[in-house]
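Just so you know, these numbers come straight off a predicted model, no measurement behind them. Side chains are part of it too, since the values below use all heavy atoms of this structure and drop only hydrogens, waters and symmetry mates.
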Amino acid sequence: MSVVSVPVTTTEQQLREELAAVYRLVDHFKMTDLIFTHISSRLPGDEPRFLINPYGLMFSEITASSLVEVDLQGNLVAPSHYRVNPAGFVIHSAIHEARRDAHCVLHTHTRSGCAVAAQADGLLPLNQMSMEFYERIGYHDYEGIALDQDEKSRLVTDLGEHNALILRNHGLLTTGETAGRAFMRMFYLDRACEIQVAAQATGAQLLVPPADVCEHTARQINHESSDTSGNDLDNSDSWDLAWDALLRMADRIAPDYRD
């Protein structure tokens, strides 16, 4: 498993602003659940420290300075007027501790995400968006509200080396080397769930492409080397370009996120 360190040139303020932007974008794209669900991001340094949303604020209210700094146990590292939702940090701390490459962990309870999480077959490769996650997503069985420390090991096992997890009967989770990358994964995972629910609602027979096509597409989307073709055009900067565009959107719709 690869380990990705927070670049030494990335300051805490930059990480705070990026995470706050992600909170505002999650709100903008209607992926929120009032004050519940969380997005956490690792801070640089020898001691594990993480930024997470203050319990009680809507995602539309979160700014860079209001993010709460905690340790792996969810204890406040820096003084704050706010506290942390313990149910949220059980999931996040488990993944941060086990996956040092998972600098950001994003969890949602969207309608379509929860609908697919309630389906025995999980996410189906019905469209190009879902194929990003073909054979690249884990599944974790529901055990109740995430307050049980014993659940951590099972969460980590079920995620494995994937960057996406469907929490059955619960919701969706993505990880990323950055907050922006975790958001991009969640945006398309949730969109894939929306498309699946819409396709199922038609009552028509679902068309699933052959497995080799799904695998080839997944490799293309994830910028992995392809065993089937060496002729793909270079599109390796697509996610970075999309994230830059999303940051410009955040600056337009919620410029106070940097405060």
Side-chain angles (χ1 to χ4, degrees), residues 22-40 53 59 87-88 91-92 95 102 104-146 155 158-176 179-211 213-223 238-239 242-243 246 249:
V22 168
Y23 273 104
R24 297 302 187 92
L25 290 167
V26 168
D27 175 72
H28 175 75
F29 288 105
K30 303 186 186 305
M31 293 190 283
T32 59
D33 179 10
L34 298 180
I35 64 170
F36 306 103
T37 75
H38 313 273
I39 316 166
S40 58
N53 49 314
F59 283 19
I91 294 173
H92 290 247
I95 297 171
C104 181
V105 178
L106 198 168
H107 172 43
T108 63
H109 295 160
T110 62
R111 179 181 298 182
S112 296
C114 289
V116 172
Q119 297 180 16
D121 291 335
L123 185 67
L124 303 174
L126 298 179
N127 61 89
Q128 185 165 285
M129 293 181 188
S130 63
M131 289 180 206
E132 175 183 339
F133 306 98
Y134 182 75
E135 300 295 337
R136 290 160 176 79
I137 192 166
Y139 292 85
H140 176 68
D141 288 340
Y142 188 65
E143 300 186 24
I145 296 174
L155 272 164
D158 292 336
L159 176 63
E161 295 190 2
H162 300 305
N163 290 309
L165 183 69
I166 289 184
L167 301 160
R168 294 193 183 276
N169 308 105
H170 184 173
L172 306 177
L173 182 145
T174 58
T175 73
R181 187 58 57 88
F183 174 80
M184 292 288 293
R185 289 190 175 111
M186 180 58 74
F187 179 88
Y188 283 110
L189 178 56
D190 190 65
R191 187 62 58 85
C193 290
E194 289 181 352
I195 293 170
Q196 178 167 322
V197 172
Q200 290 169 328
T202 67
Q205 182 178 355
L206 299 178
L207 178 63
V208 177
V213 173
C214 294
E215 175 61 24
H216 176 59
T217 307
R219 286 179 173 274
Q220 290 177 311
I221 295 172
N222 288 290
H223 308 309
S238 58
W239 284 26
W243 176 242
L246 285 164
M249 173 186 282

Check: [X] side chain, [Y] main-chain N or O, donor-acceptor pair, under 3.5 Å:
| X | Y | result |
| --- | --- | --- |
| Ser130 | Leu126 | yes |
| Asp190 | Met186 | no |
| Tyr139 | Gly122 | no |

Which salt bridge (Lys or Arg N to Asp or Glu O under 4.0 Å) pairs, counting each pair once, include a residue from residues 201-210, with sequence neighbours left out? none
Provide the full list of salt bridge (Lys or Arg N to Asp or Glu O under 4.0 Å) pairs with a residue in residues 193-208, sequence neighbours left out, each pair given once. Arg191-Glu194
To the nearest 0.5 Å, how far apart are [atom1] in [X] and [atom2] in [Y]?
| X | Y | atom1 | atom2 | answer |
| --- | --- | --- | --- | --- |
| Leu172 | Cys114 | CG | SG | 7.0 Å |
| Leu155 | Ile91 | CG | CD1 | 6.0 Å |
| His109 | Met31 | NE2 | CE | 13.5 Å |
| Phe29 | Leu246 | CZ | CG | 5.5 Å |
| Gln196 | Leu124 | CD | CG | 4.0 Å |
| Ile39 | Thr174 | CD1 | OG1 | 8.5 Å |

Which heavy-atom pair separates [X] from [Y] by the least distance, and what is that distance?
| X | Y | result |
| --- | --- | --- |
| Asn169 | Ala118 | ND2-CA, 4.1 Å |
| Ala192 | Asn127 | O-ND2, 4.1 Å |
| Tyr23 | His38 | OH-C, 4.0 Å |
| Ala120 | Arg168 | O-NH1, 3.5 Å |
| Val26 | Leu106 | CG2-CD1, 4.4 Å |
| Ser112 | Cys193 | O-CB, 3.6 Å |

Identify, with sequence neighbours excluded, every residue that meets side chain to side chain contact (heavy atoms under 4.5 Å, CB included) alongside [X].
| X | result |
| --- | --- |
| Cys214 | Pro125, Met131, Tyr134, Pro209 |
| His162 | Arg136, Leu159 |
| Asp158 | His140, Leu165 |
| Ile221 | Gln128, Glu132, Thr217 |

Walk me through it: do Thr108 and Leu189 pass the test side chain to side chain contact (heavy atoms under 4.5 Å, CB included)? CA-CA 11 Å; Thr108 63; Leu189 178 56; over 6 Å; no
Using side-chain heavy atoms (C-beta onward) and a distance below 4.5 Å, is Val197 in contact with Val116? yes
For Asn222 and Asn163: C-alpha separation, side-chain torsions, deciding distance, then whether side chain to side chain contact (heavy atoms under 4.5 Å, CB included) applies. CA-CA 11 Å; Asn222 288 290; Asn163 290 309; over 6 Å; no
Run the side chain to side chain contact (heavy atoms under 4.5 Å, CB included) test on Met129 and Phe187 for me, step by step, so that the C-alpha distance in whole Å, both residues' side-chain angles and the decisive distance to 0.1 Å come before the verdict. CA-CA 10 Å; Met129 293 181 188; Phe187 179 88; 6.0 Å; no
Ring-plane angle category for Phe183 and Trp243, please: parallel below 30°, perpendicular beyond 60°, tilted otherwise.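 Plane angle between 30° and 60°, so tilted.
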